[in-house]
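So the structure is just underneath, and the comments pick up after that.
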Amino acid sequence: MTLWNYIVLGISFVLLAWLVWEELRRENRSRRVARVIASVLSVGALACLMLPLTYMRRVEAGVGGPEGVLLTEGYVPDSVRQFLRRNPGREVWEWPAGAALPAGNGKAMAGLAKLHVFGYGLTKEQWAGFYPPPVVFHPSPEGAGVTAADWKRKLVVGERVKVQGRFLNRAAGAPVKLVLTGMGTTLDSMAAGPDGKEALSPDGKADFELGTVPAQVGRSVYHLIALSGSDTLEQEAVPVEVVAGKALKILLLASSPDFENTFLMNWLSKNGHGVARRTAISRGKYDKAFVNMPEGALAPLSPSLLAPFDVVVADASALSSFGPGELTALRREVEEKGLGLILKVDSAGKGEVGIGRSGSGEVGAGVVGVAMAKDSSQRLYIKEKPGLQALLRDSLSRIVVGVSLYGAGKIVFTTLNTTYSQVLSGGGKQYAAYWSGVLRKAAREGEPGEEWRMEPALPRVGEPVRAWLQTTGTGLPQGYFGGEGTGGGRSVYLAQDRQLPFYWQGRYWPEEAGWQFARGLAGDTSWWYAWPAGGWGGVHRGERSKETLEYMAERKVDGEEGRSNGAGGMGVAANGGSVPGAELVAIPKGWFYVVFLLCVLFLWAERKMEGMNGRIVR
Amino acid sequence: MALPGGKNKLLSLQKRWKAESFAYCLLLSLAVSLLTTTLLHVGWGWPLWTGAPILTGCYLSALFLFPYWRVTLAEVARYLDKQVPELEESCGLLLQPAGQLGSLEKLQAARTEARLEPLRAPRPLYKKLLSAGGWLVVALLLSGGIGMAGRAPALRGGRPAAGAVAAVAEKPTPGVRSVSIRVIPPAYTGRAVRRQEVFNLRVEEGGLLSWEVQTNGPVRSLQFIFNDSIHLALQAVDQQHTLWRASRPAVRSGFYQVDVEGRLSSLYTLEVIKDEPPRITIQTPKPYTVIDYGEPTRVTLVVKLRDDYGISDATVVATIASGSGEAVKFKEQVIRWGKAFTGGQPAYDLQQTMDLTALGLKPGDELYFYCRAKDNHGQESRTDMYIVALPDTAQLMSLQGLTMGVDVKPEYFRSERQIIIETEQLLKEKDTIPVQEFNNRSNDLGIDQKLLRLRYGKFLGEEAEEGEPGGGAAAAGGDARDSGRGAKAGAPGRAGAAGAGEKAGDAGRAGAVVKPGDFGDAAKILDAYTDKHDNAEDATYFEPAIKEQLKATLTEMWGAELRLRTYKPQEALPYAYKALRLLKDLQQRSRAYVAKTGMRVTPLDPAKRLAGKLDDIAPPVQRGVAERGGSPAPEEALRIALALLERPGALGMGRGSIELLNEAMRRLGKEASERPGEYLAGYQAMRRIVEDAGGAGAADVLLVQRAIRKLLPETEAVPSAGRGHADAGLSHLYFSHLNDPSGKP
């Protein structure tokens with residue numbers, strides 16, 4: 001029931017109560033019962049006018065021509081038998097999963113007036129190729145198991161893989177454990193049963209999230225296993241690719257020497273990043289340091305100086321000591337080229353820090369400045385501001401680290417100026433996590449390359465995969481696909497998208513399960529995974545049902561299903577298949593309007609009559 | 001006429017009866033005392049010699065309880081009469097003097113004697129003896145069981161018997177029929193020599209291993225390869241070259257392989273159990289103990305000593321530091337436990353009371369001590385330093401701290417000191433003044449203490465007298481009430497006193513209000529009626545830690561006040577001293593200055609400072625090269641190998657991958673030689689995979705992955721940049737349109 005329904009009902013009840021109360025209070029008691037009834041009826045009719053009232057109607061057989069039954073994977077034999085008993089004389093076809101529809105069947109079905117589909121339905125691709133007569137869908141109930149799952153396939157070293165999804169536990173009362181295994185060990189586990197801590201909704205659904213930080217670099221396959229006691233209910237492959245991240249080039253600008261920058265520089269250079277540091281030590285004199293990068297001038301900041309860097313880390317006072325030219329260069333680099341800027345806010349600031357432009361000149365604090373405040377114990381925090389995303393909050397949920405977009409780049413504001421103390425107290429991991437997070441957030445995006453995306457998200461062997469390529473390359477529209485073990489590959493020719501010219505689309509049928517490569521003409525190999533035929537069965541079943549309904553909706557919109565009245569087959573989906581072979585019909589509003597009109601008319605006329613009576617009496 | 005033969009027979013029977021009854025009692029008491037002694041020994045640790053007195057006691061009570069030994073001849077005769085019908089109930093005749101018998105009786109006696117002569121003497125206590133024997137057997141079994149059960153936990157406390165190598169089914173070694181390894185554990189373990197028939201070894205450090213290998217047939221050479229590097233050739237003992245021997249001490253953990261004429265076996269673990277140094281746990285006292293005035297100057301030391309084999313020595317080393325400033329003197333002495341350490345026992349629970357006065361500790365001195373223990377392998381360990389301080393109450397009286405002029409609160413400190421001085425004075429004069437006066441003065445001191453406490457309560461924002469005129473009145477009112485209560489000799493509790501104070505406060509306020517001059521002065525009226533307790537300034541006046549201590553001080557003051565009011569000044573003194581010490585601490589604390597950590601250096605203003613010419617000064621430049629100290633390359637190789645292993649055709653992928661896997665194998669081998677128990681299985685599986693012996697399967701991959709993953713430290717997050725999306729400049733165009741309202745592209 002939607003909010004609208006509640007509102008309508010609530011208002012109606014208030015109205016009804018008031019009307020009835022008025023009627024009861026009326027001095028003239030003649031025709032009181034009739035008036036009350038008329039009031040009730042009128043309010044009821046008014047409510048019905050506004051409420052979307054529908055009723056289920058059995059689909060009547062043989063409306064105009066022969067009908068057929070198509071059985072797809074997962075159909076319930078009992079309901080089919082029941083249906084056939086009620087509607088005898090239907091011809092029955094079966095379309096097993098993973099197989100093609102026998103030739104000639106399609107032609108035979110094309111002549112039907114209506115096709116009843118049992119089971120989980122067909123994929124969009126299958127529907128598109130099949131082009132059947134109008135369809136009435138009788139979906140099977142959702143099967144137990146993992147019904148939805150997703151995770152990030154491509155990770156950077158040190159990033160956590162999070163497998164999230166939903167598990168449907170049909171056997172109520174049976175405890176189910178979901179386990180993520182890999183590298184010969186159990187990496188994470190969760191109870192998805194009634195005794196688990198996770199809330200299991202009444203229909204047996206449990207959302208799960210399992211995660212680990214992969215230890216390997218490269219491609220490997222984890223496994224998601226659903227266990228009930230010692231029985232394995234389901235086992236699915238969870239492929240993950242871990243790639244070494246690209247090293248960053250970072251420029252540190254400081255107004256005075258401090259530990260924070262020294263520690264940061266050491267840590268970054270230890271991890272292979274290029275770091276340059278410029279520390280003001282006197283007027284016009286800077287202490288320069290370069291690690292993992294060639295030496296160069298750092299003195300006046302200029303576009304050419306800033307161009308190779310991905311991130312600039314500066315403290316607020318360093319920023320305020322810049323000349324206008326330097327500030328402009330920095331601002332333009334952030335705004336137009338997407339350079340990341342991390343601003344360390346300290347108590348020396350005047351309440352607002354940032355970079356920006358106001359009117360003609362550069363200002364230290366301006367368009368993208370943040371306001372700071374101090375609490376009673378002199379702790380600095382950043383005031384909330386629209387457009388500022390909080391990355392870290394303190395225990396009082398005030399922003400300590402925030403990021404905001406500025407043009408093509410990002411500016412991170414942080415009040416944490418002594419993070420090195422974490423390293424000293426043995427919290428190296430926290431230090432790494434903090435700076436990795438902040439730098440990842442701020443870093444300038446790398447040069448776009450070829451980007452492959454597969455549809456469906458969990459492709460399976462023998463099923464068509466739609467491959468999307470996003471690239472700026474303007475070579476031959478050709479991709480090269482293949483399985484890892486096969487050695488060879490196949491060329492796939494791609495079609496350009498009509499509206500967005502940087503999208504290319506092709507279709508491919510993976511031949512064997514496992515890692516697959518996709519390579520454009522630029523030569524970058526991108527890896528994806530194809531599951532064996534039965535992989536992620538629950539997810540695929542759900543998707544097929546959804547796609548069937550979507551297909552039916554599309555056809556209805558196109559007006560091809562001329563005779564389907566009301567919601568057609570769609571209503572079935574809304575009820576999850578509890579009433580097979582039925583359809584939802586809206587009650588015409590006209591009747592309620594008539595009732596309402598009559599009642600109101602009566603009430604009005606009665607009043608008039610009473611008035612006349614009174615006059616007559618008088 | 002008495003016939004000596006018959007009587008003799010009866011006498012011998014009686015003797016035998018007595019002997020058997022003694023034996024019966026002995027058996028019974030043995031059974032009972034055995035069980036009792038075992039229980040006491042196992043349960044409460046009584047020594048075994050206590051069994052002797054217990055046995056004696058049991059025997060005596062058994063003799064008393066079962067007095068079969070008191071049997072008389074008449075009873076014997078009666079017994080015989082009853083048991084043997086042939087005697088025709090005439091045994092009694094034999095006991096009577098011959099002269100008293102009638103002729104018929106004589107005849108009968110002769111007849112009886114004749115019948116008695118050949119009679120096989122019955123054994124009256126035979127059954128009882130049997131049952132007692134049975135009881136003894138039961139007791140033996142029971143005490144044996146208890147003894148075993150009692151020893152089991154003692155063993156569990158130490159290490160499990162080292163000989164119990166996990167009897168994993170070893171694969172048969174090619175060419176070897178059987179092996180027998182004799183393990184001689186080192187003397188310090190006190191373990192017996194043992195023998196095992198499997199190659200996998202778990203030996204105490206320093207143990208001697210002697211292998212005896214029986215081959216299937218004659219072989220030319222047989223050797224062990226330790227950790228893939230050290231070769232140990234075995235010597236043939238017999239002529240057929242089928243029995244080979246070698247021996248070697250167990251020094252390092254690792255693995256070894258049997259090489260029979262070039263045929264290599266799988267790897268076997270050789271795990272060496274290191275002797276651990278003794279563990280010492282001091283249960284009492286706490287690391288820092290202060291013994292306040294009035295408390296007994298004794299410290300109970302409760303120490304637990306644990307070792308894996310045995311403790312040979314343990315002592316407490318105590319150092320007394322006396323004096324202050326530069327004149328501190330140290331005196332070290334070793335305190336021995338009142339117990340001899342034999343070296344055989346792995347666990348000791350020791351307890352000793354240190355009398356500080358006996359040790360020579362004077363007020364103001366501190367005692368530093370630590371415990372040390374030595375095990376029978378010569379390893380020694382010691383605890384941290386523990387400190388017992390005996391504060392000098394005289395020091396508290398000194399005014400030295402006050403002359404330094406740092407934020408002092410003279411009146412308060414002087415007051416507490418004054419109260420102590422006066423209390424001591426009062427105690428001194430106790431014998432010379434009447435009881436009433438003594439009580440009154442004690443009560444007065446209690447009132448002083450109360451006032452002092454109220455003053456401190458103000459710092460904490462406690463509800464008490466606030467505001468100037470009201471405060472004075474309240475104090476006076478409080479005093480009046482209090483002295484009244486004191487005269488009633490009630491014992492005012494905390495609540496009572498507080499209530500009194502509050503009421504007095506109300507009275508004071510009322511007094512302030514009725515002052516005619518104040519009429520119409522809204523602020524004053526409000527002031528009088530507003531409850532301003534715990535206002536913001538008070539609440540943040542002190543840091544929480546200081547408040548905490550101030551509260552503790554108030555509690556001590558309460559204690560002192562209570563005793564003073566109940567005329568027990570002697571008992572009040574410890575509380576007063578403690579309060580004074582806490583106050584002193586507070587005073588010291590207000591003096592301490594701790595710089596804020598993470599303080600930022602004030603940035604230089606170049607416009608004002610350093611205005612000299614700097615043109616000729618070249619700015620310093622530091623250079624560094626990529627040295628990835630934190631995550632060295634071998635670790636990355638392991639990480640890549642971890643993923644490579646999963647690929648079925650990994651080995652056909654190229655030289656680079658094979659090298660990576662070899663590198664990973666080398667690392668695993670190194671680890672396996674150090675910790676064979678954890679890494680040997682993985683190393684073996686890795687060898688199967690790399691050498692592709694054919695036996696490598698999915699299970700091997702998992703084994704190796706698990707081992708490598710255990711080797712790797714947890715992955716740390718590293719910063720990296722994301723990749724942009726190819727959009728042919730679309731989003732940039734959009735952004736520039738947004739920025740430029742005129743709409744020009």
- Message: So for R160(A), is it side chain, backbone, both, or neither that comes closer than 4.5 Å to the heavy atoms of chain B?
- Response: neither
- Pick from A443(A), G245(A), P257(A), A432(A) with the largest number of heavy-atom pairs that fall under 4.5 Å of chain B: A432(A)
- R709(B), part contacting chain A, at a heavy-atom distance under 4.5 Å: side chain
- Item | Residue E450(A) versus chain B: region with a heavy atom under 4.5 Å | backbone
- Keeping the roles fixed (side chain from T185(A), backbone from R706(B)), state whether a donor-acceptor pair exists under 3.5 Å. no
- Message: Strictly distance-based, threshold 3.5 Å: is any side-chain N or O of E646(B) a donor or acceptor partner for the main-chain N or O of V221(A)?
- Response: yes
- Task: Answer yes or no: are there more than 12 heavy-atom neighbours, outside K710(B) itself, under 6.0 Å from its atom NZ?
- Result: yes
- Message: Donor-acceptor pair, distance only, cut-off 3.5 Å: does the side chain of T715(B) make one with the backbone of P214(A)?
- Response: yes
- Item | Closest-packed option against chain A by number of heavy-atom pairs under 4.5 Å, given P719(B), A721(B), A643(B) | P719(B)
- Item | Structural part of T419(A) lying under 4.5 Å from a heavy atom of chain B | neither
- Query: Is it true that K429(A) and E716(B) make a salt bridge, defined as a side-chain N closer than 4.0 Å to a carboxylate O?
  - Reply: no
- Item | Heavy atoms from other residues, nucleotides or ligands near CD of Q496(A) exceed 12 (cutoff 6.0 Å) | yes
- Distance, nearest 0.5 Å, that separates CD of Q216(A) from CG of L638(B): 12.5 Å
- Note on the structure: Among A442(A), A408(A), G218(A), A215(A), the residue with the most heavy-atom pairs under 4.5 Å to chain B is A215(A)
- Task: Please flag which part of D287(A) lies under 4.5 Å from any non-hydrogen atom of chain B: side chain, backbone, both or neither.
- Result: both
- In terms of heavy-atom pairs under 4.5 Å with chain B, the winner among G158(A), A247(A), G184(A) is G184(A)
- Item | Option from L644(B), I640(B), L642(B) for which side-chain contact (heavy atoms from CB on, under 4.5 Å) with V217(A) holds | I640(B)
- Message: Under a 4.5 Å cutoff for heavy-atom pairs, which residue among K246(A), E241(A), R444(A), E295(A) has the most contacts with chain B?
- Response: E295(A)
- Note on the structure: For S720(B) and V156(A) the tightest heavy-atom approach is OG-CG1, 3.4 Å
- Query: Where does I250(A) contact chain B at under 4.5 Å (heavy atoms): side chain, backbone, both or neither?
  - Reply: neither
- side-chain contact (heavy atoms from CB on, under 4.5 Å) with V718(B): which of L268(A), L248(A), N271(A)? N271(A)
- Message: With a 4.5 Å cut-off on side-chain heavy atoms, are V213(A) and E714(B) touching?
- Response: no
- Message: With a 6.0 Å cut-off (strictly less than), is the heavy-atom count around CZ of F259(A), excluding the residue itself, greater than 12?
- Response: no
- dist K337(A):NZ -> H732(B):NE2 (nearest 0.5 Å) comes out at 8.5 Å
- Is it the backbone or the side chain of L155(A) that comes under 4.5 Å from a heavy atom of chain B, or both, or neither? neither
- Note on the structure: For Q470(A), the side chain to side chain contact (heavy atoms under 4.5 Å, CB included) test, sequence neighbours excluded, returns E451(A), F502(A), Y503(A), H725(B), A726(B)
- Working for side chain to side chain contact (heavy atoms under 4.5 Å, CB included), residues L500(A) and L730(B): CA-CA 9 Å; L500(A) 300 168; L730(B) 204 63; 3.9 Å; yes
